[in-house]
Amino acid sequence: MKKLEPKGWCPSTLRPMMSGDGLIIRIKPSFSRLASSQAQKIAVLSKRYGNGFMDITNRGNLQIRGLTQDSYPLVLEELQNGNITKKNKSQDELNLILAPFITRKSQGWRCAKALYNIASAFPYLPAKFGFAIDCGIERYLCQTSADIRIEANNSGKLLIRFDGCDKGFITSEETFAIDILRALKWFVVSQNDTYTHKRMHQLVSNVEVPFTFRNTAPCQKLKSLTPGLQDDKIVFAAPFSQITTDQLMEIAGQTQEIIFTINRCLIVDKTVKLSAKFITSKDDFRYNITACPGMPGCSASSIDTKGLALKISRHHACLADKSYHISGCSKGCSTPKKSDVCIVGENGSHNLLQNGYAWDIPSFTSLSEAALINELINLQKTKKNAL
Ligand code: SF4
């Protein structure tokens, strides 16, 4: 199956995107956090002007869905007046994700502040271009989509690394801003006129990176993040990455801030009481399933991806040890990763493949929902028999 071309840009608050259920805007929380009052305000706006459903994205952003041409300007004004989003385009559209447990007094926090401050001085960058700040003693973000990674080496020295390169170069807080601008300049001048390489990893696989930019390895201690308790925090997820206004209100009413982080997880103080609607353990079967908005959220879909995800999550026999991706069409925008099982909607029925992407050639096509569930159970039985 041919991979559908992505739109090549992402929505922001200043640039809404039309979808099957109306306009979508994407809020990129500053420093990957929303204060409780900001989260409550967003929930109210989603209920009043949107359709009450919000998406949590791969890069820790929050999308309000279902706005209209008339309601969008009202929402934008309220977000800007509430200091939730920026009027400045460069700051509003900056793709920046911070390591999950970063503190306000850390070096990483100061680097994030510097990036917001110099965003207006950046050269033109493709819409998906982004930064990951991950300069603690363990790295959390190495699987997260980013083009420039701010990390530390084994001795704790600050490092800037281009995505796709094993090594980066040492910087310091004093020279950080200048070094970032230097790195961005290299990205721009190494392109051809048409900006063929929209992401850094594409560029570095085609153009030799000067040694001055790739001479120091980052620290090798890696850490992953899944739902569960971590020290004085709870890491949790909303099923299939969609949160309702009531759920957002429920969380915001019990905490001072919500951290938006990788793997579509949120982090709050462990004093927060979360209902069973949320995923608080990596063993929750719903956590194995990634689903795009599907029908009616996206006009490209002919299946109800979230409804199907819920049904599959109740068929525990299908799910053990498997990652699922349910995609409304072969564009596969909800995950860039391979999944053990991939279900793709086409003309109201389902295609199925294993160990691949939504755009790969399916092994089964045009399955009804009942036939699909049967095939999933068969796959699981085949696996058990093979053991
Ligand atoms: S993958 Fe899902 S969200 Fe993306 S275009 Fe297709 S149906 Fe829409």
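Ligands are counted one by one from 1 in listed order, and the atoms in each one are counted from 1 as well.
Counting non-hydrogen atoms of neighbouring residues, nucleotides and ligands closer than 6.0 angstrom, the NZ atom of Lys282 reaches no more than 12 such neighbours.
Which of Cys298, Ser302, Cys292, Ser330 comes nearest to atom 8 (Fe) of ligand 1 through a heavy atom is settled by distance: it is Cys298.
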Criterion side chain to side chain donor-acceptor pair (under 3.5 Å) on Gln80 and Thr85, from CA distance to verdict:
CA-CA 5 Å; Gln80 291 178 340; Thr85 61; 4.9 Å; no
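Close approach of ligand 1 to Lys331 (heavy-atom distance below 4.0 Å) involves ligand atoms 5 (S). For ligand 1, the atoms closer than 4.0 angstrom to any heavy atom of Pro293 are 3 (S). The ligand atoms of ligand 1 that sit less than 4.0 angstrom from a heavy atom of Ser327 are 1 (S).
If you look at Phe31 and Tyr116, their ring centroids are closer than 6.0 Å.
Taking 4.5 Å as the limit, every side-chain heavy atom of Asp92 sits out of range of all side-chain heavy atoms of Lys89.
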